[in-house]
Number of protein chains: 2
Amino acid sequence: MSTPGKTVPERRPTLQSIAAMAGVSHQTVSNVLNAPDRVAEHTRARVLDVIEQLNYRPNETARSLARRSTRLISFHIGAGHHNEASMLDPFMRELAKVGAEHAYRVVLDIAGDEDEDQIASYEELHARRSVDGVVIPETHVGDTRPAWLVEHGMPTVAFGRPWADPDPRHSWVDVDGGHGMRLVAEHLLQTGHERIAYVGPPRNRGMEDDRLDGLLAGLVDSGVEPDPALHLVVESPSGLRQALPALLADHRPTALACRDDAFAFEAIQVLDELGLRPGEDVAVTGFDDSDLARICRPQITSVAQPIREVAELIWESLLAQLAGTAEAPLRRLTLPRLVTRDSTTTWSPA
Amino acid sequence: MSTPGKTVPERRPTLQSIAAMAGVSHQTVSNVLNAPDRVAEHTRARVLDVIEQLNYRPNETARSLARRSTRLISFHIGAGHHNEASMLDPFMRELAKVGAEHAYRVVLDIAGDEDEDQIASYEELHARRSVDGVVIPETHVGDTRPAWLVEHGMPTVAFGRPWADPDPRHSWVDVDGGHGMRLVAEHLLQTGHERIAYVGPPRNRGMEDDRLDGLLAGLVDSGVEPDPALHLVVESPSGLRQALPALLADHRPTALACRDDAFAFEAIQVLDELGLRPGEDVAVTGFDDSDLARICRPQITSVAQPIREVAELIWESLLAQLAGTAEAPLRRLTLPRLVTRDSTTTWSPA
DNA sequence: CGTAGGGATTTGAGCGGTCAAACACAAGCC
DNA sequence: GGCTTGTGTTTGACCGCTCAAATCCCTACG
């Protein structure tokens, strides 16, 4: 029974102590661990024996200091509110999982919401050498963060395109939202829809445009001329309550392609209140394939982001940058897939 | 323009270099940073000047090695699926925020779902000294993890009670779910309900009992005899579709007190399908005060967990354990509060 | 039989801080 | 004037590893 509050320092074995017990030099022990092929069979066996007996593991901090690498990367987010159906959290988990496969770990860093706050935080991370790299999980138009990181030689990958940045020098991975919305368009057209409305926030030269334009392009490609009236702009889902009825009454869309699941969910509820059966009378689609899309009724057809693939690509680039083998910045658009559910499959023309 | 792929090592200033430039010893520089009052005014000014000029920051890793503390704590979770409306993620953010106020950081560690997987992971963390402490964000009946950590001298706090553990030696913080459900009971009784049903998974000698018993106790305290028939047991929310109609038909509850928001949300949808107006005809309450509770219609009356307070308490205990000043393990139940919304306030007796 | 070559192992110097103890030096006291 | 006291500063060891270079020993070869 240990004295409470007095955690005994507990001396753990070190490279030295293992070496002493095995009757070899510290470096040989190190080699057994890091370059086993350099050590003679019998020596290795003996050393491993001692290691096993004492349950030795190298001290990570000492390693980090000597190797000048923490094997930590920062998942860096703002303190602000995140939207409901965001997949940021599952994404962070995925990033940690993939990182673990490469003996890297993810630390969660939270700074203010403004670019300058975040950069101030990077500055600390950088100067204190507390992480090997940074993952920026969201980007916006005019984002100044990636450039700062690149300039300061910090390995970086952004999840999100360098919107409206003519000459990005950093690595990024993003999901092709436009493609996702094309899938939506095709799916809806195939289902028999002719009047498909887009529901989302105003254009922002960034992600909003990507999704909206994707839908429009999808329609055009199938020979459908988009109707500008079938474009409902609301800042946030809560605006739908007021705005959606008019759109429905004036322009009679049969399908609502929404910017994300939160919009789709709200749309469904408004439809319901108006006495329209969501799915059956008016089809609805979302984006992100969040939990919400699965648990609500009707279940929402949604575009699923390949977060596993994104996490893998990010690590690939990060590791290359860390190894110094990165030829050029990674610029990669991944393809989302459509998950069809009741909110579109039960539709039948009036 | 830097050569791509060849991140230059970039020599940063060290204690030594600052010392040399300021014409003092390395220790004086260290003191300026860690114990400014020990340094004479003019010396301090001169050193700070150099520090500022070179934008010096101490290398975290070197610090960690010398001080034998990483200033990292592990937020340790299983790889498994987390339920929809869980507040684990917001909680982790809160933990990181509060940690930052104490110059500590949170790393996300993911292991298998079984206790033994997690313990194997702890073993690594412990042997490699890669973190100073561990936060276990969920506990279950018969949890073997906290004991392991305590035995190995690892500072630990669990978010969750030591369910069914007669003699826990570890620190924990939890939210008093029973109290939360009492609030629900009182609120519903005040609103005029007489037939209040509980909806949730089977008893498990743990959290399920806590919530259920809290509700029952709340009823009894107000002089209402609980009706065993008003207890709907379903493994998961999806079971409600099948089970709820019978409960409603056979026992006519006017309110459904649900185990969490996911159950509440599903209940609302089933009510709706049955032609009953959720909120107005049958009141519904949830637990967790998740995003879902706010965005769904009707908005769900829910019990909000004080995650900020929990995060603060956890750090308090963690820091005390780290400092060796912890007298006894922390055992703390925090009080949730009720957030009333349309799902109960619009109810009117038939 | 001396020596070049190569695998196995050791040596020694960092990495960049912290901590404890030693050391100046001036003031305060009897 | 010697002694204590105390503040400000320096010294040196150490944390536990990795890396580069040196050393050792045995074999192969001319």
Side-chain angles (χ1 to χ4, degrees), chain A residues 9-48 50-51 54-71 103 126-130 132 322-324, chain B residues 9-48 50-51 54-71 103 126-130 132 322-324:
Chain A
E10 191 217 343
R11 218 67 177 179
R12 285 202 58 85
T14 69
L15 213 48
Q16 298 288 356
S17 62
I18 299 292
M21 299 198 65
V24 297
S25 76
H26 64 101
Q27 183 60 272
T28 297
V29 181
S30 173
N31 283 337
V32 167
L33 261 27
N34 302 318
D37 46 305
R38 271 190 221 154
V39 181
E41 176 60 33
H42 60 282
T43 315
R44 195 193 321 157
R46 187 152 38 92
V47 173
L48 282 175
V50 179
I51 287 180
L54 275 71
N55 194 27
Y56 168 77
R57 297 283 190 299
N59 179 310
E60 272 301 323
T61 306
R63 260 195 155 163
S64 296
L65 181 59
R67 108 157 83 66
R68 289 168 198 74
S69 145
T70 58
R71 298 220 148 223
H126 176 251
R128 312 189 106 96
R129 310 262 102 151
S130 28
D132 289 356
L322 290 166
Chain B
E10 191 219 342
R11 217 69 175 176
R12 287 201 58 85
T14 69
L15 258 195
Q16 299 288 355
S17 62
I18 299 292
M21 298 198 64
V24 296
S25 74
H26 63 105
Q27 183 60 275
T28 296
V29 180
S30 173
N31 283 336
V32 167
L33 260 28
N34 302 316
D37 47 306
R38 272 192 220 151
V39 180
E41 175 60 34
H42 60 283
T43 315
R44 194 191 324 158
R46 185 152 38 93
V47 173
L48 281 175
V50 179
I51 287 182
L54 276 70
N55 196 27
Y56 168 76
R57 297 282 190 300
N59 179 310
E60 271 302 321
T61 307
R63 254 192 161 165
S64 296
L65 181 59
R67 109 157 82 65
R68 288 166 200 74
S69 147
T70 58
R71 299 219 149 222
H126 177 250
R128 313 189 105 98
R129 309 261 102 149
S130 27
D132 289 355
L322 289 166

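Proteins get letters first, then strands, A, B, ... in listed order; numbering begins at 1 in each. The shown structure was predicted, so the numbers you read here are calculated from the model rather than taken from an experiment.
- Heavy-atom contacts of chain B under 4.0 Å fall on DNA chain C between two terminal nucleotides, which in 5' to 3' order are C:dC15 to C:dA20.
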**Prompt:** What string of B, S and - do you get for nucleotides 11-17 of chain D, 5' to 3', if B is base contact, S is sugar-phosphate-only contact and - is no contact with any protein heavy atom under 4.0 Å?
**Reply:** BB--BBB

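- Going from atom CE of A:M21 over to atom CG of A:L54 covers 5.5 Å, rounded to the nearest 0.5 Å.
- In this structure, B:L33 and B:I51 have side chains that are in contact, with non-hydrogen atoms separated by less than 4.5 Å.
- Distance check: A:Q27 CD to A:L15 CG gives 8.0 Å after rounding to the nearest 0.5 Å.
- For the pair B:T14 and B:N59, the minimum side-chain heavy-atom distance is 4.5 Å or more.
- Annotation: side chain to side chain donor-acceptor pair (under 3.5 Å) contacts involving residues 31-40 of chain B, sequence neighbours excluded, comprise B:S30-B:N34, B:N34-B:R63.
- When heavy atoms are screened at a 4.0 angstrom cut-off, B:T43 is found touching the sugar-phosphate backbone but no base atom.
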Check: protein-nucleotides 25-28 of chain D nitrogen or oxygen pairs below 3.5 Å:
none

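- Closest heavy-atom contact between A:S64 and A:T70: OG-CA, 3.7 Å.
- Considering all non-hydrogen atoms of both residues, B:A127 and A:R12 come closest at O-NE, 3.4 Å.
- Computed from C1' positions of five pairs at each end, the angle between the two local axes of the helix from C:dC1-D:dG30 to C:dC30-D:dG1 equals 60°, rounded to 10 degrees.
- In this structure, CZ of B:R38 is placed 14 Å from C1' of D:dT10, rounded to the nearest angstrom.
- Here the OG1-CZ distance, from A:T61 to B:R128, works out to 11.5 Å after rounding to the nearest 0.5 Å.
- No side-chain heavy atom of B:R68 sits under 4.5 Å from any side-chain heavy atom of B:R129.
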Listed pairs under 3.5 Å, donor-acceptor, residues 41-48 of chain B side chains, sequence neighbours left out:
from, atom 1, to, atom 2, distance (Å)
B:R44, NE, B:P36, O, 3.4
B:R44, NH2, B:V39, O, 3.3
B:R46, NH1, B:A22, O, 2.3

